[in-house]
Structures are given as C-alpha cells and as structure tokens.
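All remarks here apply to the structure that follows.
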Amino acid sequence: MNILLASGSPRRRELLMSAQLDFKVISVDIDETYYDQETPKDYIQRMVATKAEAAITQLQTDDQNHTATIDQSSVPFVVLTADTIGVLPDGQSILVKPIDRDHAYNMWQQMSDDTHQVWTAVQATLVDPALQVLWQQQIIERTEVTFVPLTPAMMASYWDSDEPADKAGGYAIQGQAAAWVTRINGSYTNVVGLPLAQTLALIKSASNSYESHCA
C-alpha cells in the first residue's frame with residue numbers, strides 16, 4: 001500500500017524512515033491559527049483533518065497538471081497527517097510554534113520547573129485512485145515532560161541557537177533542549193513529533209480497512 005506523509009517536518013520523515021517504511025512526502029500549507037475558546041483536543045483534531053483535506057486537494061491539482069507525487073493509478077493509498085502541540089497543566093493553554101522571541105520566552109517561563117504535556121494527533125486517511133476518501137481515523141497521544149528551572153541566560157542561549165523556531169512549545173527534546181528535561185512519562189517519539197509505534201498501528205488499521213474493502 002502506498003503511504004503519503006503530508007508534512008514538511010524532517011523529524012517526522014526521519015521517524016518513519018527509521019521504521020523502514022516506503023513512503024512519499026508532500027508539504028501542505030494551512031492556517032494554523034487556533035480559535036478563541038478552542039480546546040487543545042479540538043484544535044489538533046481540526047489541524048490534522050485540515051491537513052488531510054489540503055493534501056487531497058493538492059493531489060487533485062497535481063493530477064490535473066500531470067505532476068502527480070504518488071502513483072494513483074492502481075490501489076488505494078494512505079495519507080498521513082500529524083500535528084503536535086504543548087499543553088500547560090491547566091489542560092487548556094496551548095503551546096504552539098513561537099512567532100518571536102517574546103512568545104518563546106513566555107511559553108518557556110510557563111513550562112519552567114513544572115510538568116507540561118505534549119500532544120500529537122495523527123490522522124490516517126485511506127484514499128482510492130479517484131481520490132475519494134474510503135476510511136479515516138485519528139489518534140491522540142499525550143506525553144508528560146518535566147523541565148528544570150529555566151534561567152534568563154538559558155533561554156537567551158537557546159533562542160540564539162535558532163533551534164526553537166519551528167517547534168511546538170519552542171523546543172526540541174532531541175536537540176539542545178534535552179538538557180532542560182528532567183523526566184518524561186510516555187512516548188519519546190511523540191515529543192519529537194510523531195508517536196511512532198501508535199502511528200504504525202494506525203497504518204495497520206488502514207491496511208486492514210483496505211483489505212476489507214477488497215473482500
């Protein structure tokens with residue numbers, strides 16, 4: 001079964017590659033602004049659904065222009081989309097990618113010497129050769145992450161590294177921010193950006209759904 005990862009994240013690509021999966025990649029551009037009063041669960045579920053819709057629309061355009069990213073001629077394929085956010089202990093405040101230095105500092109100060117959660121939603125969308133949706137399913141994985149007390153010097157040094165720019169919560173656990181983490185409770189790959197074991201199980205569910213369509 002063909003797999004299409006609709007994500008520009010190199011970390012998600014690397015994680016899927018580590019599972020020795022054969023897949024193609026496209027990047028989708030959507031508005032990631034969260035709505036007032038939107039819960040973290042509603043937000044990330046909306047993000048992965050919107051990314052899937054954008055990916056299918058892009059495939060339709062590519063097909064019309066004869067620039068297809070993936071072979072759509074024979075069997076259904078799975079579109080994978082994911083979105084990662086941080087969530088503060090109140091269960092409502094969302095930590096997203098920092099828009100500037102002040103935004104990053106504000107998020108880090110709220111995570112300093114405390115435990116927050118990292119949530120990743122993943123959606124698998126089974127699409128037929130005519131780009132019609134046959135089946136789709138979402139999962140949400142949550143991991144607790146505890147930070148050391150952060151000093152202004154630590155935050156300044158990290159911001160100047162340019163690593164925080166495109167990371168939910170403004171940090172990369174697999175990078176320099178590993179020194180900030182005293183413990184995690186849950187999936188490490190979830191904090192990186194894709195809960196790998198759970199995603200592989202989701203792909204298996206999509207494969208089972210495809211087999212049931214063929215039966």
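- At a threshold of 4.5 Å between side-chain heavy atoms, the hydrophobic network of Ile, Leu, Val, Met, Phe, Trp and Tyr places Tyr43 and Val28 in two separate groups.
- Donor-acceptor pairing under 3.5 Å is recorded for the side chains of Gln198 and Glu141.
- A donor-acceptor pair under 3.5 Å links the side-chain atoms of Thr189 to the main chain of Leu194, judged by distance alone.
- Shown here is Tyr105, whose OH atom has more than 12 heavy atoms of other residues, nucleotides or ligands within 6.0 Å.
- By the 4.5 Å heavy-atom criterion applied to side chains, Leu4 and Ile26 are counted as neighbours.
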### Message
As a quick check of understanding, evaluate side-chain contact (heavy atoms from CB on, under 4.5 Å) for Ile56 and Val127, giving each step before the final call.
### Response
CA-CA 9 Å; Ile56 293 169; Val127 182; 4.0 Å; yes
### Message
Working note: Ile140 + Gln45, criterion side-chain contact (heavy atoms from CB on, under 4.5 Å); need CA distance, chi angles, decisive distance, verdict.
### Response
CA-CA 8 Å; Ile140 299 176; Gln45 288 183 319; 3.9 Å; yes
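- Side-chain atoms of Met111 and Trp180, non-hydrogen and from C-beta on, never get closer than 4.5 Å to each other.
- Under the 3.5 Å distance criterion, with hydrogens and angles disregarded, no donor-acceptor pair is assigned to the side chains of Ser205 and Asn208.
- Between Asp160 and Arg101 there is a salt bridge, since at least one side-chain N of the basic residue sits less than 4.0 Å from a carboxylate O of the acidic one.
- Rounding to the nearest 0.5 Å gives a distance of 9.0 Å between CD of Gln92 and CD of Gln37.
- No continuous path of hydrophobic side-chain contacts links Val118 to Ile94 [ILVMFWY only; heavy atoms under 4.5 Å].
- Using modelled atom types, one side-chain atom of Glu38 and one backbone atom of Tyr35 make a donor-acceptor pair closer than 3.5 Å.
- For the pair Glu144 and Arg183, the salt-bridge criterion is not met [side-chain N within less than 4.0 Å of a carboxylate O].
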### Task
Determine, step by step, whether Phe147 and Tyr171 satisfy the ring pair (Phe, Tyr, Trp, His ring centres under 6.0 Å) criterion, reporting the C-alpha distance in whole Å, the side-chain angles of both residues, the deciding distance to 0.1 Å, and the verdict.
CA-CA 11 Å; Phe147 272 8; Tyr171 74 93; 4.9 Å; yes
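- Between Leu200 and Leu21, some side-chain heavy-atom pair lies under the 4.5 Å cut-off.
- Side-chain atoms of Lys24 do not come within 3.5 Å of backbone N or O of Leu5 as any donor-acceptor pair.
- When every heavy atom of Leu126 is checked against every heavy atom of Ala206, the shortest pair comes out as CD2-O, 4.0 Å.
- Using a 4.5 Å heavy-atom cutoff, the side chains of Leu134 and Ser209 are not in contact.
- In this structure, CG in Leu16 is found 6.5 Å from CG in Leu80, a value given to the nearest 0.5 Å.
- The aromatic rings of Tyr158 and Trp108 lie tilted to each other, with the angle between the two planes from 30° to 60°.
- Put simply, CG on Asp83 and CD1 on Ile44 are 7.0 Å apart, with the number rounded to the nearest 0.5 Å.
- For the pair Arg46 and Tyr34, the cation-pi criterion (under 6.0 Å, within 45° of the ring axis) is not fulfilled.
- Shown here are the salt bridge (Lys or Arg N to Asp or Glu O under 4.0 Å) partners of Asp166, two or more places apart in sequence or in another chain: Arg11.
- Side chain of Thr81 to backbone of Val48: a donor-acceptor contact under 3.5 angstrom is found.
- Dense packing is recorded around CG of Asp90, with more than 12 heavy atoms of other residues, nucleotides or ligands lying under 6.0 Å away.
- Taking each heavy atom of Ala177 and Ala172 in turn, the nearest pair found is CB-O, 3.4 Å.
- Follow the hydrophobic side-chain contacts under 4.5 Å out from Leu95 and you reach Met155 in the same cluster.
- Looking at heavy atoms from C-beta onward, Glu32 lies out of side-chain contact with Val96 at the 4.5 angstrom threshold.
- At a threshold of 4.5 Å between side-chain heavy atoms, the hydrophobic network of Ile, Leu, Val, Met, Phe, Trp and Tyr places Ile30 and Val79 in two separate groups.
- Nearest heavy-atom pair, Thr115 versus Pro89, reported as atom, atom and distance to 0.1 Å: O-CG, 3.1 Å.
- Side-chain contact between Val122 and Pro195 is present, with heavy atoms from C-beta onward closer than 4.5 Å.
- Tracing side-chain contacts under 4.5 Å through hydrophobic residues (I, L, V, M, F, W, Y), one reaches Val25 starting from Ile3; they form part of the same cluster.
- The minimum heavy-atom distance linking Met47 with Asp31 is given by the pair CE-O, 3.7 Å.
- Counted by atom type alone, Ser9 and Ser7 present zero donor-acceptor pairs between their side chains at under 3.5 Å.
- Distance check, rounded to the nearest 0.5 Å: OG1 of Thr120 to CG of Leu196 gives 12.0 Å.
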### Query
Taking it one step at a time, do Gln117 and Ile85 satisfy side-chain contact (heavy atoms from CB on, under 4.5 Å)?
CA-CA 8 Å; Gln117 291 190 338; Ile85 59 173; over 6 Å; no
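- Looking only at atom types and distance, the side chain of Ser18 has no donor-acceptor partner in the side chain of Gln20 under 3.5 Å away.
- By the 4.5 Å heavy-atom criterion applied to side chains, Trp159 and Pro98 are counted as neighbours.
- Between Gly91 and Pro40, the shortest heavy-atom contact is O-CG, 3.5 Å.
- To the nearest 0.5 Å, the span separating NZ on Lys97 from NZ on Lys167 amounts to 9.5 Å.
- Within a 6.0 Å radius of CG in Asp100, other residues, nucleotides and ligands contribute more than 12 heavy atoms.
- Proximity of Ile184 to Ile173: side-chain heavy atoms (C-beta onward) are separated by under 4.5 Å at one or more points.
- In this structure, Thr143 contributes its side chain and Gly186 its backbone to no donor-acceptor pair below 3.5 Å.
- Distance CD/Gln123 to CD/Glu53: 8.0 Å, rounded to 0.5 Å.
- Contact detail for Gln176 and Ser161: the closest heavy-atom pair is NE2-CB, 3.5 Å.
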### Task
List the steps, then state whether side-chain contact (heavy atoms from CB on, under 4.5 Å) holds for Val192 with Leu15.
CA-CA 9 Å; Val192 177; Leu15 286 168; 4.0 Å; yes
